Amino acid sequence: MSDILTPTLPAKRAAKKANPKVGIVSLGCPKALVDSERILTTLRSEGYEISDSYAGADVVIVNTCGFLNSARQESLDAIGEALAENGKVIVTGCMGGNPNEIRAAHPGVLAVTGPQQYESVVAAVHEAVPPKHDPFLDLVPPQGLKLTPRHYAYLKISEGCNNRCTFCIIPSLRGDLVSRPLRDVMIEAENLVKAGVKELLVISQDTSAYGVDIKYAESKWRGRAVKAKFLELAKELGDLDAWIRLHYVYPYPHVDEVLELMAPDARGKTKILPYLDIPFQHASPNVLKAMRRPAHGEKTLERIKSWRKAVPDLTLRSTFIVGFPGETEDDFNYLLDWLDEVELDRVGCFKYEPVQGAKANELDGAVDEDEKQDRWERFMEHQRLISERRMAKKVGKTIEVLIDEAAAEDEETGTVFAVGRSAADAPEIDGNVFVEGAGAATLQAGDLVKVTVAAAEDYDLRGVLL
Ligand code: SF4
């Protein structure tokens with residue numbers, strides 16, 4: 001179960017009243033994690049306490065993921081476990097869009113609500129265990145409750161998606177794009193930074209499309225009218241005292257302007273991290289067209305080359321799908337050649353899964369499972385060598401590192417090191433920097449330090465504290 005801390009209550013007051021406790025199991029992507037945080041923040045403001053165990057909870061919420069068939073199965077298993085361990089279970093999230101499937105597998109669940117239906121989840125909790133509100137005790141910090149460590153947080157700028165990629169069912173689960181007003185996003189971001197967050201990870205389904213649905217509506221921020229636009233948002237976030245990392249960006253021409261914020265100033269500081277997470281999914285024009293990917297007609301290769309020229313330290317992360325229906329050996333080789341040319345830094349790869357309800361399942365040319373596995377292995381080895389080459393270039397450089405885990409001793413070698421990340425590493429999905437040297441033993445999570453890179457592995461670095 002998700003583990004979060006609740007404010008400590010004065011013993012006398014706490015003894016007077018036992019507030020109902022809610023547990024949450026949060027599955028899926030960072031966007032789902034943000035939904036869980038919102039649900040918990042609302043419940044906490046109503047007086048509920050948060051339990052980090054099944055046994056201590058009066059009711060358990062399972063926030064499901066329905067992106068892939070394997071994720072659906074994991075969600076169903078988690079619901080089963082929560083029912084067995086606790087008995088009172090409310091289901092929400094992506095799989096909640098299909099309540100029949102959940103009720104068929106687990107008829108004992110109390111309620112099923114869809115993604116982003118925060119009010120319905122909260123109403124279901126009220127019904128299962130009514131709230132006992134006490135304004136003296138039930139304080140919620142202005143930044144809300146977070147499931148991430150204290151020093152980084154996800155910042156969700158919109159819900160839903162206007163694209164219709166043929167392998168994806170997110171738009172049918174989460175609907176069309178709905179952008180949050182810029183002011184709302186900035187207030188949340190500022191509160192997080194005030195509360196000690198050192199890194200904000202901007203997430204959505206399509207970050208570069210931010211504001212399209214609300215016609216880039218202006219809102220008042222710090223006495224100025226600012227448009228709800230990707231570039232404006234990046235500029236405002238860049239004025240906060242935190243690392244700003246952009247995820248789920250598509251290579252549209254207007255992204256070029258944001259690159260300017262990633263170039264170092266005279267002091268070597270950048271407004272936002274020189275890092276872009278662009279889910280390319282493929283490179284072959286035939287496959288991209290069949291996938292109906294956003295920006296598939298753009299001259300991506302040229303664009304990346306110009307970005308790298310402007311910002312040599314730019315880290316590019318991406319994900320790909322191999323074995324998409326109709327992908328030929330030529331298409332696959334085109335992808336490998338393209339990888340050689342763009343030399344991405346961080347890459348994830350999935351074998352195509354025919355997700356129930358996805359348009360791509362109707363396409364001809366299904367790739368056989370053995371062939372998918374073979375392409376996946378070739379892809380991973382190909383990219384590993386690229387990654388190794390790029391990582392080796394970092395040896396000897398001085399980089400900034402945000403510490404994630406306080407120093408500890410390696411049982412085998414006796415070396416004391418802390419674990420952190422550089423600008424090139426998003427939490428959970430990228431690599432780590434292992435920091436050693438004099439002073440490393442006192443490092444704590446959230447410390448920002450300078451490190452000289454001593455060695456590089458395929459995905460991680462080893463560095464010495466300066
Ligand atoms: S951009 Fe494509 S893959 Fe991403 S959520 Fe939208 S439809 Fe799905």
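In what follows, every heavy atom counts, from backbone to side chain, and hydrogens, waters and symmetry copies are set aside. Atoms within a ligand are numbered from 1 in the order they appear, just like the ligands themselves. Being a predicted model, the structure only gives us computed values, none of them experimental.
Using a 3.5 Å distance cut-off with no hydrogens or angles, the side chains of Glu377 and Gln373 do pair a donor with an acceptor.
Atoms of ligand 1 lying under 4.0 Å from at least one heavy atom of Pro171, given by number and element, are 7 (S). Every atom of ligand 1 with a heavy atom of Gln205 under 4.0 Å away is listed here by number and element: 5 (S). Below 4.0 Å from some heavy atom of Cys168 lie the following atoms of ligand 1, by number and element: 3 (S), 5 (S), 7 (S), 8 (Fe).
Tyr252 and His254 have parallel rings, their planes meeting at less than 30° on a 0 to 90° scale where 60° marks the start of perpendicular. Ring geometry for His126 against Tyr48 counts as parallel: the plane angle stays under 30°, on a 0 to 90° scale with 60° as the upper cut.
Remark: distances from the non-hydrogen atoms of Tyr248 to ligand 1 are all 4.0 Å or more. Heavy-atom distances between Arg293 and ligand 1 reach below 4.0 Å in at least one pair.
Atom 1 (S) of ligand 1 has its closest protein heavy atom at Tyr250 OH, 3.2 Å. Looking only at heavy atoms of the protein, atom 6 (Fe) of ligand 1 is closest to Cys161 SG, 2.3 Å.
A cation-pi arrangement is not found for Arg245 relative to Tyr154, the charged atom failing to lie both closer than 6.0 Å to the ring centre and inside a 45° cone about the ring normal.
Side chain of Arg303 to main chain of Asp256: no donor-acceptor pair is present (N/O by atom type, distance under 3.5 Å, no hydrogens or angles).
Atom 8 (Fe) of ligand 1 has no N, O or S atom of Cys165 under 2.8 Å away, backbone or side chain.
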